[in-house]
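Scope of the values below: all heavy atoms of this structure, side chains included, with no hydrogens, waters or symmetry mates. Along the sequence shown, the residues carry numbers beginning at 1.
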Amino acid sequence: MHRQTDMMDKVRKKVLLDLFASPWSVIPIAGGMSAWLLSWAMDGQMGLNMAGLIGVMGGIGVMATRVIFGLEKITQDAFEFMTQQQKDAQERKLDELTQRLAEDGEPKTEAYLTELRHLYQTFLDDLEQGKLAAGARPVSEQVHRLFQAAVRHLEYSLDLWRRAKRLSGSAKEALLEERRNAIDEVGQTIEHLGLTIHQFHAFRIEASDSELSKLRKELEQSMMVARRAEERISGLGSSREYDPQEFQ
């Protein structure tokens with residue numbers, strides 16, 4: 001819900017910027033104001049006053065026309081622009097995480113992240129192309145949260161590995177054991193996410209409410225993974241080396 005609210009706030013700001021800061025409206029108004037200013041400096045010139053009036057009224061007219069006839073398209077374009085920006089930012093962060101995981105000496109973590117990204121992107125693509133049940137969209141937020149939880153577990157495992165390198169003895173082994181558990185949970189999450197996406201594909205386009213309700217309950221149970229991730233991350237306190245909001 002927070003993710004959707006933040007997105008809509010950004011879209012609204014983008015729409016307002018496109019409506020009222022468009023060159024087609026700003027330039028005529030700026031030109032009109034300049035003409036009025038020049039007319040004032042010359043003790044009033046009828047021609048400049050008229051030019052100023054035409055420029056300002058023309059710019060306001062363009063704004064009004066865009067609001068009346070182009071608002072829907074402007075809003076759609078703004079939403080697509082912000083969605084793409086958000087997607088590009090997340091992809092860059094995931095690429096950086098892939099590079100960091102390549103340093104931990106555990107092939108599983110990098111492979112798990114690659115598989116997670118593939119599963120999640122396949123789900124989003126199928127959702128956009130209408131290949132999934134019509135009622136799948138409300139469940140997509142839970143799929144997104146599950147994906148986030150798995151990514152955070154990989155971040156958590158990397159942090160544990162870095163901390164363990166500075167220790168020895170039983171303290172080091174305890175951190176490494178916790179790291180193995182976190183990686184195992186990512187593997188379980190990937191398996192569950194794959195089964196979930198397979199179930200979506202098995203549904204009819206008009207999937208029944210009972211089918212989707214059952215799937216929502218199964219996903220809610222899997223959210224225990226997300227909650228465990230949050231609890232573990234919170235337990236690390238100020239020693240965290242990454243932003244907990246990074247993949248939200």
Side-chain angles (χ1 to χ4, degrees), residues 3 90-127 132 136 139-202 214-248:
R3 188 168 67 102
Q90 176 171 277
E91 287 301 306
R92 286 194 298 270
K93 291 174 182 177
L94 291 172
D95 288 341
E96 292 170 4
L97 176 57
T98 299
Q99 293 176 357
R100 284 184 281 143
L101 289 174
E103 302 171 2
D104 70 357
E106 173 55 74
K108 278 186 179 180
T109 55
E110 198 174 352
Y112 279 169
L113 181 59
T114 299
E115 190 171 358
L116 270 171
R117 295 177 72 173
H118 173 72
L119 281 172
Y120 185 59
Q121 189 58 52
T122 298
F123 174 79
L124 294 180
D125 290 344
D126 289 347
L127 194 62
L132 302 181
V139 188
S140 65
E141 182 65 22
Q142 288 178 294
V143 173
H144 175 77
R145 288 173 57 202
L146 192 58
F147 171 76
Q148 283 184 333
V151 170
R152 291 185 184 191
H153 263 71
L154 289 173
E155 279 274 13
Y156 177 68
S157 75
L158 184 61
D159 185 84
L160 289 172
W161 172 71
R162 286 172 174 169
R163 297 176 69 194
K165 288 200 305 180
R166 300 193 294 265
L167 301 174
S168 60
S170 59
K172 179 175 183 175
E173 184 54 38
L175 287 179
L176 292 177
E177 178 64 23
E178 179 67 14
R179 178 174 182 256
R180 286 190 288 268
N181 291 336
I183 294 173
D184 287 344
E185 286 195 5
V186 174
Q188 295 170 14
T189 300
I190 290 174
E191 182 179 355
H192 185 83
L193 197 56
L195 289 173
T196 298
I197 293 173
H198 175 73
Q199 283 183 277
F200 271 124
H201 280 288
K214 178 182 177 182
L215 186 54
R216 280 193 293 269
K217 289 179 181 178
E218 291 176 355
L219 277 173
E220 183 58 36
Q221 290 176 354
S222 71
M223 284 299 103
M224 291 178 64
V225 176
R227 284 190 285 270
R228 283 197 296 268
E230 293 296 338
E231 290 170 0
R232 284 171 170 166
I233 290 169
S234 298
L236 286 175
S238 59
S239 67
R240 293 297 300 163
E241 298 183 11
Y242 68 97
D243 182 0
Q245 303 298 321
E246 184 174 7
F247 296 101
Q248 287 188 352

task = For residues T189 and H153, determine if any side-chain heavy atom of one lies less than 4.5 Å from a side-chain heavy atom of the other.
result = no
task = Nearest 0.5 Å please: distance from the NE2 atom of H118 over to the CD1 atom of I190.
result = 11.5 Å
message = Using side-chain heavy atoms (C-beta onward) and a distance below 4.5 Å, is L160 in contact with L176?
response = no
request  = First locate atom CG of L175, then atom CZ of R166, and finally report the distance between them rounded to the nearest 0.5 Å.
outcome  = 9.5 Å
remark   = I183 and Y112 have their tightest heavy-atom pair at O-CE1, 3.4 Å
Within-4.5 Å side-chain heavy-atom neighbours: E178 and R163 = no
query = Just how far is it from atom CH2 of W161 to atom CD of E106, taken to the nearest 0.5 Å?
reply = 11.5 Å
request  = Flag the pair R100 / E155 as yes when at least one side-chain heavy-atom distance between them is below 4.5 Å, and no otherwise.
outcome  = yes
note = The reported gap from CZ in R162 to OG in S157 (rounded to nearest 0.5 angstrom) is 10.0 Å
ask   = Can you tell if the side chain of L116 reaches within under 4.5 Å of the side chain of L154, non-hydrogen atoms only?
value = yes
query = So does E177 pair up with R180, basic N to acidic O under 4.0 Å?
reply = yes
ask   = Does a donor on one side chain and an acceptor on the other come within less than 3.5 Å for Q148 and H144?
value = yes
query = Can you find a pair of side-chain heavy atoms, one from E115 and one from Y120, that are under 4.5 Å apart?
reply = no
query = So which heavy atom on L97 is nearest to which on L158, and how close?
reply = CD1-CD2, 4.4 Å
ask   = Between D95 and R117, does at least one N-O distance fall below 4.0 Å, as a salt bridge requires?
value = yes
Beyond-backbone contact of L146 with H192, side-chain heavy atoms, under 4.5 angstrom = yes
request  = Evaluate whether atom CD of Q121 has more than 12 neighbouring non-hydrogen atoms of other residues, nucleotides or ligands under 6.0 angstrom away.
outcome  = yes
request  = Answer yes when R179 and D104 have at least one side-chain N-carboxylate O distance shorter than 4.0 Å, and no when they do not.
outcome  = yes
key: Contact check, side chains of V186 and K108, non-hydrogen atoms, under 4.5 Å   = no
